[in-house]
2 protein chains.
Amino acid sequence: MAIASLLASPIQQIPIPLPLETFVPKQARLTLKVLAAELGLSTCTVSRVLNGKGQQHRIAEETENRVLEHARKRGFTPNLVARGLRMNKTNAIGLVLPDLSNPFFAKVARGVADVAHKNKYTLEVCDTQDSIDLEVEALNLLRDRQVDGLVLCPVGNESEHLHYLASGSRPVVLVDRYFADLKLPYVSSANIEAAEAATLHLLEHGHRDIICLQGIHDAITNVHRLEGFRRALKTYKISCTKKMITGDGFNSESGYRATCEILEQNRPFTALLSLNSPIALGAMKALSEAGIKIPDDVSLITFDTIEGVEFFASPLTTVDQSSRKLGEQAVTMLFDRINHRGGNADEHILLPTTLTPRKSVKQLLN
Amino acid sequence: MAIASLLASPIQQIPIPLPLETFVPKQARLTLKVLAAELGLSTCTVSRVLNGKGQQHRIAEETENRVLEHARKRGFTPNLVARGLRMNKTNAIGLVLPDLSNPFFAKVARGVADVAHKNKYTLEVCDTQDSIDLEVEALNLLRDRQVDGLVLCPVGNESEHLHYLASGSRPVVLVDRYFADLKLPYVSSANIEAAEAATLHLLEHGHRDIICLQGIHDAITNVHRLEGFRRALKTYKISCTKKMITGDGFNSESGYRATCEILEQNRPFTALLSLNSPIALGAMKALSEAGIKIPDDVSLITFDTIEGVEFFASPLTTVDQSSRKLGEQAVTMLFDRINHRGGNADEHILLPTTLTPRKSVKQLLN
DNA sequence: TTGAAAGCGTTACCAG
DNA sequence: CTGGTAACGCTTTCAA
């Protein structure tokens with residue numbers, strides 16, 4: 001019917017619906033190709049100019065200016081994924097660490113991020129939540145994403161799953177924790193000396209019954225800190241018994257539990273050495289619940305500082321690592337390798353630590 | 001000479017050095033193509049099987065198993081950069097925030113990281129170091145890297161450089177700080193109510209001379225917290241004068257300076273409301289230097305908690321945000337958009353906060 | 001049930 | 001001084 005009436009009036013025009021893409025022209029993404037077309041040049045010329053290789057290829061200054069100007073006007077930006085594929089280089093590095101919400105690691109991350117940025121690199125971060133499975137997963141993911149290198153702070157005490165990294169094609173640098181049998185460069189703190197100094201500090205203040213609250217048993221940082229602990233004791237001719245070491249994790253729960261236990265068991269002690277700050281916080285909780293005062297009843301030194309420790313009822317004496325610097329150093333070493341500025345698997349850097357005496361260590365008279 | 005002697009003994013064989021790559025065959029990367037060749041199949045078949053589209057394309061079960069088995073044996077892993085280019089989807093999201101080493105943001109980051117991981121996404125993190133220039137740079141970088149979406153915690157009080165994000169093709173969700181005139185979804189805390197509750201807490205304890213230590217003036221979180229402050233005062237029929245608000249940054253320096261100033265000027269006050277924890281720490285430093293005790297001489301409430309506040313000489317009463325949840329919520333909203341599960345620019349979520357009374361607020365008798 | 005071939009946006013080799 | 005063309009490793013039509 002409608003058609004009939006239309007046919008009856010041949011003058012009337014029937015609008016022919018255009019295919020949708022004609023209405024909404026599929027807004028071609030602004031690529032090198034369209035840029036080149038608009039300029040009447042080839043993509044490679046445009047590419048060269050935009051990458052500052054104009055001189056190198058003796059491109060006419062006028063052409064160069066035209067390209068630059070037009071690219072600016074059109075707001076062209078290169079697709080870094082395409083570039084990454086082509087160049088087999090993504091300009092991204094991976095950072096794998098156990099817990100971003102732990103201030104120590106957060107500061108390491110900040111250090112890594114800053115240096116990465118200075119080197120025009122992007123940072124792909126994976127939080128492994130203290131799980132070795134997630135760590136493996138993260139490592140695989142970042143490999144598949146073709147990152148140019150990796151800063152890794154491994155969790156746990158197994159290095160089995162890491163050995164292949166040593167022979168991999170992309171450089172890896174460990175930070176904080178590492179493994180002696182692993183052929184990878186690392187940067188960490190001088191933990192032996194740090195623990196030794198801390199323990200000596202206690203000993204010099206007359207403490208003889210010291211208990212060390214440790215973290216993960218086989219973690220190298222833990223092993224080293226224990227060694228420093230023993231060394232100091234030895235200097236004072238004290239033999240280090242099993243009873244003087246307790247705890248099983250770098251978290252506050254472990255610190256809390258361990259402290260509760262030694263309290264229940266009535267083990268004699270006048271001082272605690274805590275191997276990181278969450279442990280110390282846990283210990284303090286246990287002590288305060290038991291009505292035990294720091295430093296009057298028990299002295300305490302801990303690794304790693306805590307924001308605002310100076311305002312604690314008993315400001316803690318701490319052994320501070322340069323957390324930020326650890327990150328900076330690690331990623332600097334990584335870039336050395338990425339850019340083939342040397343660096344081998346035996347490059348091991350240990351940053352110095354600082355003992356900051358506050359008010360948590362009592363001078364015993366004896 | 002050497003040549004002459006060589007010519008003299010024609011029997012002697014002169015080893016012709018092979019080009020290096022003949023010695024070390026350029027170990028072809030294990031790609032779909034070589035995998036397919038090894039199997040005597042086409043790349044697309046292999047691709048389909050490996051992407052679990054075997055059923056969909058009715059690929060013979062036997063073929064499928066052969067592919068799977070062989071891929072496993074050869075340890076094939078896909079190049080995600082290539083896939084990203086092809087699919088125009090990188091499975092990466094960007095996270096832009098002012099300072100990773102600030103525990104609040106670190107926890108937000110942790111929240112984002114966890115949810116991103118659950119969704120099989122990688123996180124590209126940029127620390128803007130509280131600089132608007134770095135923020136712009138980060139935004140551009142992540143755009144060029146073709147991230148599928150962005151969680152942004154903007155710095156500063158200008159939103160000029162962010163408006164274009166609203167009309168961009170990739171979704172963006174703001175977290176913590178946002179701008180009223182910016183058409184972007186956000187998740188933040190119920191700051192007005194939080195500040196109101198905190199101020200009321202002080203008022204109920206008899207405080208009438210309260211000074212608010214603020215952060216960045218025009219930051220929305222700051223504006224809202226001030227509004228809550230004023231609301232509470234109004235309830236008590238107190239007019240809020242300029243003298244009751246001071247400070248100019250969300251950092252400890254600002255808190256320290258501001259507190260020193262009001263002390264020097266002898267402005268009367270019995271309580272401080274600090275708008276974040278670094279500010280509070282700065283204020284405490286100033287107070288302690290002046291020999292002023294909390295809560296005896298001055299009461300203090302601060303936004304955001306501090307690790308171990310409970311062990312402070314005067315454990316601080318705090319207004320706590322669910323920092324981790326902020327991150328989780330933001331990135332959840334982001335994924336809704338990335339996956340086209342709806343979500344519009346007007347989706348604004350404000351998470352509730354908690355007031356935790358400790359010992360830093362004195363009950364005044366009057 | 002499988003394959004050929006195009007194409008994502010770059011860069012780089014080799015010509016001219 | 002500039003351009004054609006072939007990759008990079010993958011996915012996806014379309015065809016068989």
Side-chain angles (χ1 to χ4, degrees), chain A residues 26-68 71 74-92 143-148 169, chain B residues 21 26-67 71 74-92 143-148 169:
Chain A
K26 201 178 167 240
Q27 177 78 34
R29 285 198 11 63
L30 186 54
T31 71
L32 267 191
K33 198 148 86 175
V34 332
L35 212 61
E38 290 171 354
L39 282 159
L41 290 170
S42 76
T43 57
C44 71
T45 300
V46 179
S47 167
R48 292 202 262 249
V49 171
L50 261 25
N51 288 322
K53 300 194 178 169
Q55 305 295 345
Q56 200 182 123
H57 287 265
R58 299 182 303 174
I59 286 175
E61 195 162 335
E62 195 209 314
T63 312
E64 189 154 335
N65 290 335
R66 262 179 67 220
V67 171
L68 254 20
R74 298 281 273 117
F76 170 79
T77 58
N79 181 327
L80 298 184
V81 174
R83 179 182 290 170
L85 175 61
R86 177 60 234 240
M87 315 241 301
N88 190 25
K89 177 162 183 340
T90 52
N91 260 46
R143 170 190 13 78
D144 296 349
R145 290 188 58 85
Q146 319 284 106
V147 293
D148 295 336
S169 55
Chain B
E21 56 264 35
K26 202 181 166 237
Q27 175 78 31
R29 285 197 14 62
L30 185 55
T31 70
L32 268 191
K33 198 149 84 175
V34 331
L35 211 62
E38 290 170 354
L39 282 159
L41 289 169
S42 75
T43 57
C44 71
T45 301
V46 179
S47 166
R48 292 201 261 249
V49 171
L50 262 24
N51 288 321
K53 300 194 179 170
Q55 305 295 344
Q56 199 182 124
H57 288 264
R58 299 181 304 173
I59 286 175
E61 195 162 335
E62 194 210 315
T63 311
E64 189 154 335
N65 290 334
R66 262 180 66 220
V67 171
R74 299 280 274 116
F76 171 79
T77 58
N79 180 326
L80 298 182
V81 174
R83 179 183 287 171
L85 177 61
R86 175 63 232 242
M87 315 238 304
N88 190 26
K89 179 162 182 336
T90 52
N91 261 46
R143 171 187 16 74
D144 296 350
R145 290 188 57 85
Q146 317 286 116
V147 294
D148 294 338
S169 54

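Numbered from 1 within each chain, the chains take letters A, B, ... in sequence-line order. Any value given below was found using the heavy atoms of this structure, including those in side chains, with hydrogens, waters and symmetry copies removed.
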Sequence neighbours left out, what passes side chain to side chain contact (heavy atoms under 4.5 Å, CB included) with A:D144? Give chain and number order.
B:T77, B:P78, B:L80
With [X], which residues qualify under side-chain hydrogen bond (donor to acceptor under 3.5 Å, both in side chains), at least two apart?
X     : result
B:R48 : none
B:R74 : B:E38
A:T90 : A:D148
A:K53 : none

Round to a whole Å and report the spacing from NZ of A:K33 to P of D:dT5.
13 Å
Atom CD of A:Q55 and atom C1' of D:dC1 are separated, to the nearest Å, by 13 Å
Looking only at D:dT11, D:dG3, D:dG9, the nucleotide nearest the B:T31 side chain is D:dG9
From the options D:dG3, D:dC1, D:dT12, select the nucleotide whose nearest atom is closest to the side chain of B:K53.
D:dT12
I'd like the 5' and 3' limits of the part of DNA chain C contacted by chain A, with heavy-atom contacts below 4.0 Å.
C:dG9 to C:dC13
Rounded to 10°, tell me the angle between the two end axes of the helix from C:dT1-D:dA16 to C:dG16-D:dC1, each built from five pairs.
40°
Which atom of A:S42 lies closest to which atom of A:A36, heavy atoms considered:
C-CB, 3.7 Å
Of the non-hydrogen atoms in B:L35 and B:A71, which two are nearest, and what is the gap between them?
CD2-CB, 4.0 Å
Spatial distance of atom CG (B:N65) from atom CD1 (B:I59) [nearest 0.5 Å]
11.5 Å
For a 4.5 angstrom cut-off between non-hydrogen side-chain atoms, does B:F76 reach B:L50?
yes
All N/O pairs under 3.5 Å across the protein-nucleotides 14-16 of chain D interface:
none

Heavy-atom contacts under 4.0 Å between residues 77-92 of chain A and DNA chain D, which residues?
A:L85, A:R86
Of B:T63 and A:F76, the one whose closest nucleotide on DNA chain C sits nearer the 5' end is B:T63
Excluding sequence neighbours, so at least two apart, what forms salt bridge (Lys or Arg N to Asp or Glu O under 4.0 Å) with B:R145?
A:E124, B:E124
